[in-house]
Amino acid sequence: MLGSKYRTHNCGELVKGDVGKEVLLGGWVHRKRDHGGVLFIDMRDHYGITQVVLNPDCKCYAEFQHVRTESVILIQGKVISRADDAINSKMKTGDIEVVVEDAQIESVADVTPFMISSDEKVNEELRLKYRFLDLRRESLHNNLMMRSRVISFIRKHLSDKGFTEMQTPILTSSSPEGARDYLVPSRVHPGQFYALPQAPQQFKQLLMVSGFDKYFQIAPCFRDEDARADRSPGEFYQLDMEMSFIQQDDLFAQLEELFLEMTTALTDKKITQMPFPRITYKDAMNKYGSDKPDIRYGMELMEVADIFAKGSFKAFSSLNEKGKALKALVVKETAGEPRSFFDKAEAHAKENGAMGLGYIVFKETGPKGPIVKFLDDALIQELKERCAIEEGDTVFFGGGEWLKTCEIMGRMRTYFAEKKVEFDSKEMAFCWIVDFPMYEYNEDDKKIDFSHNPFSMPQGGMDALLNKDPLDILAYQYDIVCNGIELSSGAIRNHKPEVMYKAFEIVGYDQAFVDDKFGHMINAFKFGAPPHGGIAPGLDRIVMLYCDEPSIREVIAFPMNGKAQDLMMSAPGSVTPEQLKELSIKILDTEL
RNA sequence: GGGGAUGUAGCUCAGUUGGUUAGAGCGCCAGCCUGUCACGCUGGAGGUCGACGGUUCGAGCCCGUUCAUCCUCGCCA
């Protein structure tokens, strides 16, 4: 052994002022450079990299010539300053090196399946299987450190603002709304199941009823839904928050302050606009074709049904009526694109449910395209003015039922932006989407449904529920969006039992149903409930934005793959017949 | 469940019109090298071309099936 302790310093802290010190270091062999008569080893730990030097007179010299990278070594040596021409300005410790006097190989490493000291892209399946190695690599290691800083900033900030951090149950009950639940069988109650919470929604509202005033939690949430790049299957984390005696504006101010201070403290990014712009749901759909618009760029959709109503092109002239839309999308500098550009765009529109994708290319020689022959000059002129079209632009059209048309053209806006827009990686364009409709018409069931959280307060309260067309009622329901990523939904809640009964009545649920499914909530509200509201930004997505990562798996230490498997732990896995029997569970033969 | 992309050495990839023994960089192993820092030089090992079937005199390449991964639609109160 080298001494009574493993290390006196870490691998990231020795600088010029430490020259002359006798030190002990522990770490991994990051890289090795053997010059025959002198051996350099870059030693790495969590804190950084330090170059250590072995000379032939060191008794460990021969052994360390063959030490493999990623082995853990312990060294004892003396800090010396490097010669002027040997200083490495790229390294924090580049002014010094440690001359090894004694050393030992503490843990021999097998050859790793991929290189730790390189940022070369590696097959993700392999990375997930060897996650503990992947986490050694600089990029993932840094991402996880950013995640830690985000959590720690949030805790300090919100605690300072008077929020109380609390825990809520992980084993709870299945709720009739929302995504598929993860279920946990009960041993004590055969045939009954717990559900893992999709969010602590009801608990946090009950905490407001309990008078805790302001609550937050870094809350695990479980939803059995298929994965996406920005959606981890199984579990994810929310910054879950709820506040009493607040209105929408109070909450917006709290969140804007948090995001501004956190972004400034932890990143070199810039928030485009403070306070965050507020866009109504309807405007967002009309202008951006999405309820999570990326407002870093323009390319807004324009309504042009009224213009085409004057023309004779039948497919478009009939769209100028309530419930329909004809949207124009101008894409700059595309007139020179080959035919394949337009064919691919149309194919993409069709994949998203469009009947087709009409377009006019404004070339030097005049407007061109499949539909131009149906349009007269005056109409095209009016279109040019409305949409501010210049020579070299192309205008694309989508028409039909309002919501579907907006969504399709919104996806086309994103599609073209990916090809044509240069994004500033430092920009964070937050916005609030407000005034979501309380109800929507469910085409499948031919009835009115809640469009979001049934516990949201309808704008106008009881009066609106009694006197307005349900489909025109708005809710105090809002989303926070950044760079086209939805960070969270939130709402000012409905804390009045009589308003809640009425709200449920509109979607066809009587008082008995509400009492049965949400009796604990209603009951709580009958004992004096403060007005309250909250939000729950996705923690993983915040960290993704801060780390410029396109995939949520890059900010989670041990993520599952797209099929909700943990390849390192081999989860999910089989259990013994005894375990099943204890839980009164029989596995069906699913091969049939 | 649908659509798209990918699959060749441990890793990242190339592989022409179907034609001899499937290549490169990195890594690995051995040797050389006293100032490198992505060290350098020499040599070597390493391949069921995802799997199965078919077409062909001949398949990494063409066809069919299938598996895996990623992206996406559905789904995500």
Side-chain angles (χ1 to χ4, degrees), chain A residues 30-43 49-57 61 65-66 68-70 80 82-91 93-94 97 99 109-130 133-134 137 174-181 198-199 201-202 221-234 236 292 344 347-348 350-353 407-408 411 414-415 436 438-440 442 449-456 475 477 486 489 491 507 517-518 536 538 550-551 553 561-563 565 567:
Chain A
H30 188 64
R31 266 192 278 265
K32 197 178 65 172
R33 291 173 295 279
D34 183 356
H35 287 255
V38 61
L39 174 63
F40 298 100
I41 292 174
D42 289 340
M43 258 179 95
I49 293 175
T50 297
Q51 174 169 283
V52 303
V53 192
L54 283 90
N55 292 309
D57 55 356
Y61 184 77
Q65 276 189 308
H66 295 280
R68 204 176 283 134
T69 53
E70 295 310 310
I80 63 166
R82 298 198 197 180
D84 285 347
D85 59 351
I87 286 171
N88 186 342
S89 56
K90 284 182 283 185
M91 292 171 74
T93 62
E97 61 193 8
V99 182
D110 281 349
V111 176
T112 54
F114 51 84
M115 254 190 293
I116 310 302
S117 61
S118 152
D119 58 3
E120 186 174 58
K121 286 274 172 250
V122 175
N123 176 284
E124 187 157 11
E125 195 180 358
L126 195 69
R127 291 177 55 203
L128 289 171
K129 186 173 175 190
Y130 293 95
L133 293 180
D134 199 15
R137 305 216 300 175
S174 183
S175 133
E177 308 281 337
R180 269 188 297 275
D181 284 315
Q198 296 187 21
Q201 181 64 40
Q202 297 184 31
C221 303
F222 306 89
R223 294 177 194 175
D224 185 2
E225 293 301 330
D226 289 339
R228 288 289 182 279
D230 64 352
R231 202 167 76 203
S232 189
F236 61 97
K292 44 180 181 177
K344 279 183 196 163
H348 190 256
K350 283 181 174 169
E351 278 167 29
N352 283 296
E407 285 174 345
I408 291 166
R411 284 178 180 166
T414 309
Y415 172 86
F436 277 86
M438 184 83 187
Y439 298 103
E440 64 190 13
N442 183 327
D449 265 349
F450 288 111
S451 60
H452 284 81
N453 188 328
F455 300 132
S456 298
Q477 167 87 37
E486 183 194 321
S489 286
V507 298
K517 293 295 179 192
F518 304 106
S551 164
R553 293 182 298 277
N561 69 5
K563 286 192 174 161
Q565 297 166 301
L567 296 174

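Quick caveat, the model's predicted, so the values are computed rather than measured. Below, read A as the first sequence line, B as the second, and so on, with proteins coming before strands; counting in each chain starts at 1.
- Taking only side-chain nitrogens and oxygens, N561(A) comes nearer than 4.0 Å to OP1 or OP2 of rU69(B).
- Partner assigned to rC76(B) is none, using Watson-Crick or G-U wobble distances below 3.5 angstrom.
- For the pair Q65(A) and rG31(B), the criterion of a side-chain N or O lying under 4.0 Å from OP1 or OP2 is not met.
- Across all strands shown, N123(A) has heavy atoms under 4.0 Å from sugar-phosphate atoms exclusively, and none from any base.
- For R223(A) against rC75(B), a side-chain-to-base donor-acceptor contact under 3.5 Å is absent.
- When heavy atoms are screened at a 4.0 angstrom cut-off, E97(A) is found touching base atoms of the nucleic acid.
- Distances shorter than 4.0 Å separate none of the side-chain N or O atoms of R33(A) from OP1 or OP2 on rU36(B).
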Where do N or O atoms of nucleotides 71-73 of chain B meet protein N or O atoms at under 3.5 Å, pair by pair?
residue	atom	partner	partner atom	Å
rC71(B)	OP1	R553(A)	NH1	3.4
rC71(B)	OP1	R553(A)	NH2	2.8
rU72(B)	OP2	A229(A)	N	2.9
rC73(B)	OP2	R228(A)	NE	2.9

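- With both ends at atom C1', the span from rC76(B) to rU17(B) equals 49 Å, rounded to whole Å.
- The same atom, C1', is picked in rU42(B) and in rA14(B); the two are 25 Å apart, to the nearest Å.
- Heavy-atom neighbours of D57(A) CG from other residues, nucleotides or ligands within 6.0 Å: above the threshold of 12.
- Both thresholds, 5.5 Å between centres and 30° between ring planes, are not jointly met by F114(A) relative to the base of rC11(B), so the two rings are not stacked.
- Listed pair K121(A) / rC13(B) fails the phosphate criterion, with no side-chain N or O lying under 4.0 Å from OP1 or OP2.
- The side-chain contact (heavy atoms from CB on, under 4.5 Å) search around V38(A) returns H35(A), F40(A), V53(A), N55(A), not counting sequence neighbours.
- Distances shown here put every side-chain N or O of R82(A) at or beyond 4.0 Å from the OP1 or OP2 atom of rG35(B).
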> So E124(A) and R553(A), side-chain contact (heavy atoms from CB on, under 4.5 Å) or not? Walk me through it.
Replying inline: CA-CA 10 Å; E124(A) 187 157 11; R553(A) 293 182 298 277; 2.5 Å; yes
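- Taking atom P in both rG2(B) and rA45(B), one finds a spacing of 47 Å when rounded to whole Å.
- Between R33(A) and D42(A) there is a salt bridge, since a side-chain N of the basic residue sits under 4.0 Å from a carboxylate O of the acidic one.
- Using a 3.5 Å distance cut-off with no hydrogens or angles, the side chains of S456(A) and Q477(A) do pair a donor with an acceptor.
- Projected onto RNA chain B by closest heavy-atom contact, Q198(A) and A86(A) fall at different nucleotides, the more 5' of which corresponds to A86(A).
- Taking atom P in both rG50(B) and rU8(B), one finds a spacing of 6 Å when rounded to whole Å.
- For D42(A), the side-chain atoms get nearest to rC37(B) when compared with the rest of rU69(B), rU12(B), rC37(B).
- Taking atom P in both rG58(B) and rG47(B), one finds a spacing of 26 Å when rounded to whole Å.
- In this structure, E120(A) reaches the bases: a heavy-atom distance under 4.0 Å links it to at least one base atom across the strands shown.
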Report each atom pair, protein N/O against N/O of nucleotides 28-30 of chain B, whose distance is under 3.5 angstrom.
residue	atom	partner	partner atom	Å
rC29(B)	OP1	R68(A)	NE	3.2

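- Taking 3.5 Å as the limit, the base of rG74(B) and the side chain of E225(A) contain no donor-acceptor pair of atoms between them.
- The partner of rC41(B), taking Watson-Crick or G-U wobble pairs whose two distances both stay under 3.5 Å, is rG31(B).
- Side-chain atoms of F40(A) lie closest to rU36(B) of the nucleotides rU12(B), rC76(B), rU36(B).
- Using the Watson-Crick or G-U wobble rule with both distances under 3.5 Å, rU66(B) pairs with rG50(B).
- A close approach under 4.0 Å does occur between a side-chain nitrogen or oxygen of K563(A) and OP1 or OP2 of rU69(B).
- Side-chain atoms of E225(A) come within 3.5 Å of backbone N or O of R180(A) as a donor-acceptor pair.
- Summarising the base pairing, rU21(B) is matched to no nucleotide, lacking a Watson-Crick or G-U wobble pair whose two defining distances lie under 3.5 Å.
- Between I116(A) and L133(A), the closest side-chain pair of non-hydrogen atoms falls below 4.5 Å.
- The gap from the C1' atom of rA22(B) to that of rC61(B) amounts to 12 Å, rounded to the nearest Å.
- Projected onto RNA chain B by closest heavy-atom contact, L126(A) and A199(A) fall at different nucleotides, the more 5' of which corresponds to L126(A).
- Between T69(A) and S117(A) the shortest side-chain heavy-atom distance does not fall below 4.5 Å.
- One P atom belongs to rC63(B), the other to rG46(B), and the distance between them is 33 Å to the nearest Å.
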